[in-house]
Amino acid sequence: MYRTHTCGELRLADAGQTVTLAGWVQRIRKMGGMTFVDLRDRYGITQLVADAASDEAVAAAVAGLGREYVIQVTGRVAERQSKNPKMDTGDIEILLDKVNVLNPSEIPPFTIEDVSDGGEELRARYRYLDLRRNPLKNALTLRHRMAHEVRNYLDGEGFMEIETPCLIKSTPEGARDFVVPSRMNPGEFYALPQSPQTFKQLLMVAGYDRYFQIVRCFRDEDLRADRQPEFTQIDCEMSFVEQEDVLNLFEGMMRHLFKAVINVDIAPKIPRMSWYDAMDKYGSDKPDIRFGMEIHEVTRLVQGCGFSVFDSVEYVGAIAVPGAAGYTRKQTDELTEWVKRPQVGAKGLVYIKMNEDGTVKSSVDKFYTEDQLKAVAAEAGAKQGDLLLLLCGPKRKTQTMLGVLRIEMGNRLGFRDPKVFAPLWVVDFPLLEWDDETQRFYAMHHPFTAPKPEHIEWFNSNKKEDLERVCANAYDFVLNGTELGGGSIRIHQADVQKRMFEVLGISPEDADYKFGFIINAFKFGAPPHGGLAFGFDRVCALFGGQETIRDYIAFPKNNMGRDVMLDAPSAIDDIQMDELFLKSVAPEKK
Ligand code: ASP
């Protein structure tokens, strides 16, 4: 046995015992004739001591130690003179009898401490060293707990975990596929799944009425701030269910996870909001409802007063920022510049200050009387002391910009405490989304989402306005302004699925080539079904109070999709290329 105890285990009650520990040297401190070594493993840190009483071999071995050496030590547990209440093992130390160096270590390129001196790139290159640090260890521990509790809960509800293949034919979810050449089928490619969507529907046809899988998904997207090309989903599907059944069951799962993983009780009923309300009030399909500052339309009140900017637009909206009437000219100028950044995209910002003394001051005083401005303020729910911010333009675009501004103001005012959790279901999404550029409809969720039965007439119409009105029984689970999951009730009739492909401009031949297998399967008794998937990495990150998922993935990629530790992706040799019948025309690397 390499060890009798872990480095996080020993307490005062163990004093007097002779023990053997193994681990990594975290720190070495010399004080007078004494040498203290902090020995670390996954479970904690234990202090080791060599002093004048230690024998020569121990003294020599300790003198030769360096940071991150792997050692095995034997010694007696003793009560510490000066205790460290911050450490679980802080009451004791080990008086060394024997030190055995199992493996020396080069000097690590950065300090393995909670706050490291290593930059992100360096730590990514030595990820296995970074993973020795507590913040990452805690993140992966949380991830493990989460996976365990997901399985616990879903197993208890009669779900079966069934694996689906990674080498498949493309399953479009709106992103590009990663592809894998097939040596045995020259010139042909597999795609890596963007999600197991079609497989889980086929499992429903096969009669496995409650399926789940903690599964890797692959999407070849431009990696916006916090995306990974491969990520993990909690993927679920159920048969003989309506939307209400799915929402209730997964509300139960989230409640269980909050309690079991981070001991948080969430509200007994998770609120629901229609997509239309979410857009109108929060300018986002994933509203952060931890704070108010809702968007109010004020178009009618501000038009016809001679301010041509407002007169010429479809929509004017406002948010009331509580207690911010004291903003200086410099601050409102800075905000104006902020909303003009390309990420927000506004042309300008109008403000109205509802001063504490009852007076009103705005950037459009020339055009409006004080009463008119007060009417706008009343419509937007502003109180004395508040700062009203107005944006204008096309309706949805302006609401979205106001939504971004609202989140920014929420951040600035400290309304977005990561320890406060406000989950929400957003429901009743439109089925389709019109794209002006390509002049066609896209599925807002994915092409297997069913139109609401009561909208089937619009769905069968060829008029754009009708199709735009069709809603789906689609739903998203939103937490603190982040979409954590989403799903829908699916199409289970071959003719409706066919119509869906037609609406999406996919020709019957193309549909048959890409989705023949699912259209066929639906001919053999497909049950009504629906499901959803949660972004597992993101659930972990939010539960851990972090915004970035990278820390919750043992070996993540950077935002160029590279694994800098492996230095992947990389070129393959000519033999491999030949075997796969591939020729590269990639530009030479500089
Ligand atoms: N496959 C969907 C996704 O990855 C989730 C679902 O509809 O179940 O977003």
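Just so you know, ligand 1 is whichever comes first in the structure, and atom 1 is the first atom listed for that ligand. Just so you know, these numbers come straight off a predicted model, no measurement behind them. The chain is numbered in sequence order, starting from 1.
The pair Glu221-Arg227 meets the salt-bridge criterion, since a charged nitrogen lies less than 4.0 angstrom from a carboxylate oxygen. One finds no salt bridge joining Asp428 and Arg272 here, because no Lys/Arg side-chain nitrogen approaches an Asp/Glu carboxylate oxygen to under 4.0 Å.
Between Gln197 and ligand 1, at least one N/O pair is under 3.5 Å apart. Considering backbone and side-chain atoms together, His445 places an N or O closer than 3.5 Å to an N or O of ligand 1. By the 3.5 Å distance cut-off applied to N or O atoms, Gln233 is counted among the residues near ligand 1. Considering both main-chain and side-chain atoms, Ser488 never comes within under 3.5 Å of ligand 1 through any nitrogen or oxygen pair.
No cation-pi contact links Lys169 to Phe515, judged by a cut-off of 6.0 Å to the six-membered ring centre and 45° from its axis. Both tests pass for Arg499 against the ring of Phe459: distance under 6.0 Å to the centre and angle within 45° of the axis.
Residues Met293 and Phe415 have side chains in contact (heavy-atom distance under 4.5 Å, counting atoms from C-beta outward). With a 4.5 Å cut-off on side-chain heavy atoms, Ile214 and Gln233 do not count as touching.
The Gly486 neighbourhood of ligand 1 comprises atoms 5 (C), 6 (C), 8 (O), with distances under 4.0 Å to a heavy atom of that residue. Which parts of ligand 1 touch Gly487 is read off a 4.0 Å heavy-atom cut-off, strictly below it: atoms 6 (C), 7 (O). Less than 4.0 angstrom separates some heavy atom of Lys200 from each of these atoms of ligand 1: 6 (C), 8 (O). Applying the 4.0 Å criterion to heavy atoms of Arg219 picks out, from ligand 1, the atoms 3 (C), 4 (O). Numbered from 1 in the order shown, with element, the atoms of ligand 1 that lie under 4.0 Å from a heavy atom of Arg490 read 6 (C), 7 (O), 8 (O). Applying the 4.0 Å criterion to heavy atoms of Ser195 picks out, from ligand 1, the atoms 1 (N), 4 (O). Ligand-side atoms of ligand 1 in range of Ala533: 5 (C), 8 (O), range being under 4.0 angstrom from any heavy atom.
In this structure, Phe543 and Phe421 have tilted ring planes: the angle between them lies in the 30° to 60° band.
Proximity of a side-chain donor or acceptor of Arg219 to a complementary backbone N or O of Gln194 within less than 3.5 Å is detected.
At a heavy-atom distance under 4.0 Å, no atom of Glu483 approaches ligand 1. Using a 4.0 Å cut-off between heavy atoms, Gln201 makes no contact with ligand 1 at all.
The salt bridge (charged side-chain N to carboxylate O under 4.0 Å, His left out) test applied to Glu161 returns Arg151, not counting sequence neighbours.
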